[in-house]
Amino acid sequence: MLVINFILFLLSMLGYTNWLKTKGKIDHRLVYIEVIAAQILILYLAALVGYLEIVGAILYYLGLLLLLGYFWYYRHKALLFQLLYWEFATVLMLFYLVVFVVGMWDLKLVHYDNFTHWATIVKFLVMNHHLPTAHDTIITYNTYPVGSSMFLYYIGRFVGFHDGILMIGQFLTIAAAQYAMFATTLDRKRALPVAIIFVSFILVMYFNIAIRYNNLLVDALIAVLAIGALAGIYAYPKQPIRTSLHVGLVLSVLILVKTSAVFFVAIVLMYYVGHMIKLHRKAAQKVGWATFITVLMPFVFNFSWSLHVKNVIGTAASTKHQVGAGSVTEILNGQLTPEMTQVVDVFMDTVLDIQTPSTMQFALLLGGFLIFTLFYGFKFKKWRVNLGTWFFLIVMTLVYYIGNLIMFLTAMPHDEAIRVAGYERYLSTMVIFVLGVLTITLVRQLDRAFYEQRHEYRNNHSFKNMFNKKVYQTSVMLMTFFFVGNCVSEVNGMHYIENSQGNNAPTMLQATIKGQTFDMNGRYLVVSSNQEWVDTYFLMYLGRYQMWADDVVQRYDFVMDNQQFIELLNGFDGVVVMDDHYTFNAMIEKLTGKKLTPGYYPIDSLGLPKE
């Protein structure tokens, strides 16, 4: 049934995309991210006013009706070729989608933060069809925006709530934003720029290796959405209204994904405003209003979320990762406590260590592009674009480092800050953004270096000599094989992570509680012999997500006397025994004569002696 629901969901999406491509004249490489962004914003606004359930249904069924209308309208034409633009990028993109959709279908979420927030909020939305309030304490981080969660709610509701489906929903958003990159090429008939962009997709996987695509975390999504927004500026260089609409839609979603994404929103807006001023001076008044609305649009959505948090969540709002203005002022004035100084030292040691993955990645990207800039500049006497891009990214990277340092100093508990917890995740966002900008610049500059500059005259003979043609063809072939092979390798890697011994808690717990129902207001104990899962609170958040109960306590240590043990267990409604915990099982057998196996046991069923 999931397969049928998924096909219907895709058909509903195609209903929107095909009408917009044919009637709205939207670039086929941008239409997918624009549709997803528009749906997210519509669902978000509906959720704010309490109509999420009905608006979600209208969106879904309207898409199917539009597709039926599309089929009727084009009934005398070859529908398959109308649905998709068949070109080199389309074929490889379909391969990319099929491999990851099939590979993710039965995957389970394993990363810790899926259960602290990102999967939990989606499950709440699917079950309740409204945003959490101050009373919904199962949502720990209730101030986090719900941008990405809205699309996952949409696909989870109409396809089915399943870990693999949620991962596929996140991947579809990422892939739609990545597909927009092909709109930045100067000539879509050339295969080399397309192949280079596909290679950049593989590099995103490598740079995102700490968490990969088998999760709902948004670190990679933020960067890819920012690149997707930039793509619209290149795709519509002489159409200011279309450019503004695209940028406004994508950036409004971006700022609703995570508050820290405002940094990337600002970068894209700087480029967008500069582009509008440079190319559209003649239509100043018309373009001025479009630019003003586009710049304002993301911040209006951000303000609407802040207003919602203030009015609905109020004093129950989570404050994790919120930077205080007063603390920032003190830091900028050099007023550091000994603990802060210690954090600064650890942070700088991490940044300056070339073996740190993000440091190495920045060095390879920016160093490699500098070499390309020097070669291109000396050979073709063109320096401005490449050098300007390189210097701009250097400055933005330094600013991003400073922003992360301030967050570690002011908004993170000292025990986490002193070990720079999450450092690679946070930095990976900037690494992926830098990669995307450099890729766009590279493919456009390469096109300007091709022997035949008149696009309409380019064909299989448009090369300076046979050697250049062979190098071109071999490069395209090798990059294509590299992309195909690494896609399959990445999917295999995600399955390996799920099956590895250190990450099997979700599968174990799900098998242990299969068929059981739990009371949201009940109190449950999860027993495990894995001390790491207990000490990091992983089992607590995992238990809350899978059991869907607000009060779940995890425990490893049961070294206590009989009375303490009985009092402890009587404080719960039930106990989940995940594995063969020697001490716990020995105490139960001693007090009740029962030998427990992994499973769920209501406290009354254990037959404990009275206190």
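Computed over heavy atoms, backbone and side chain alike; hydrogens, waters and symmetry mates excluded. Not measured: the values here are computed from a predicted model.
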(message) With ring pair (Phe, Tyr, Trp, His ring centres under 6.0 Å) as the criterion, how do Tyr541 and Tyr545 come out once you've worked through the C-alpha distance, each side chain's angles and the decisive distance to 0.1 Å?
(response) CA-CA 6 Å; Tyr541 287 112; Tyr545 173 73; over 10 Å; no

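- The main-chain N or O of Gly228 is found under 3.5 Å from a side-chain atom of His246 such that the two form a donor-acceptor pair.
- Remark: the backbone N or O of Arg29 is paired with a side-chain donor or acceptor of Asp27 at under 3.5 angstrom.
- Scored by the side chain to side chain contact (heavy atoms under 4.5 Å, CB included) test, Val385 finds Thr389, Thr441, Gln445 as partners (sequence neighbours excluded).
- Residues Tyr236 and Ser244 bring no donor and acceptor atom of their side chains to less than 3.5 Å of each other.
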(request) Could you please spell out the steps behind the ring pair (Phe, Tyr, Trp, His ring centres under 6.0 Å) verdict for Phe264 and Tyr400? (result) CA-CA 10 Å; Phe264 297 95; Tyr400 191 76; 5.6 Å; yes

(request) Applying ring pair (Phe, Tyr, Trp, His ring centres under 6.0 Å), run through Tyr73 and Tyr70 and close with a yes or a no. (result) CA-CA 5 Å; Tyr73 187 83; Tyr70 180 84; 7.9 Å; no

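- Met181 approaches Ile197 most closely through the heavy-atom pair O-CD1, 3.7 Å.
- Summarising the geometry, atom CE belonging to Met127 is positioned 6.5 Å from atom CE belonging to Met520; distances are rounded to the nearest 0.5 Å.
- Note on ring orientation: taking the six-membered ring where Trp is involved, the planes of Phe100 and Phe171 are parallel (angle under 30°, cut-offs 30° and 60°).
- No donor-acceptor contact under 3.5 angstrom links the side chains of Tyr44 and Ser252, judged on distance only.
- Using a 4.5 Å heavy-atom threshold, the side chains of Leu41 and Met150 count as separate.
- The aromatic rings of Phe6 and Phe9 lie parallel to each other, their planes meeting at an angle below 30°, with 60° marking the opposite boundary.
- Between Phe151 and Tyr154, the angle of the ring planes lies from 30° to 60°, which puts this pair in the tilted group.
- With Thr243 contributing its side chain and Ile233 its backbone, the two residues share no donor-acceptor pair below 3.5 Å.
- Asp163 contributes a side-chain N or O that, together with a main-chain N or O of Leu109, makes up a donor-acceptor pair within less than 3.5 Å.
- Ring orientation note: the planes of Phe115 and Phe538 are tilted relative to one another, at an angle of 30° to 60°.
- When only modelled atom types and interatomic distance are considered, Gln178 and Tyr96 share a side-chain donor-acceptor pair under 3.5 Å.
- Using a 30° and 60° split on the angle between ring planes, Trp118 and Tyr144 fall in the tilted class, from 30° to 60°.
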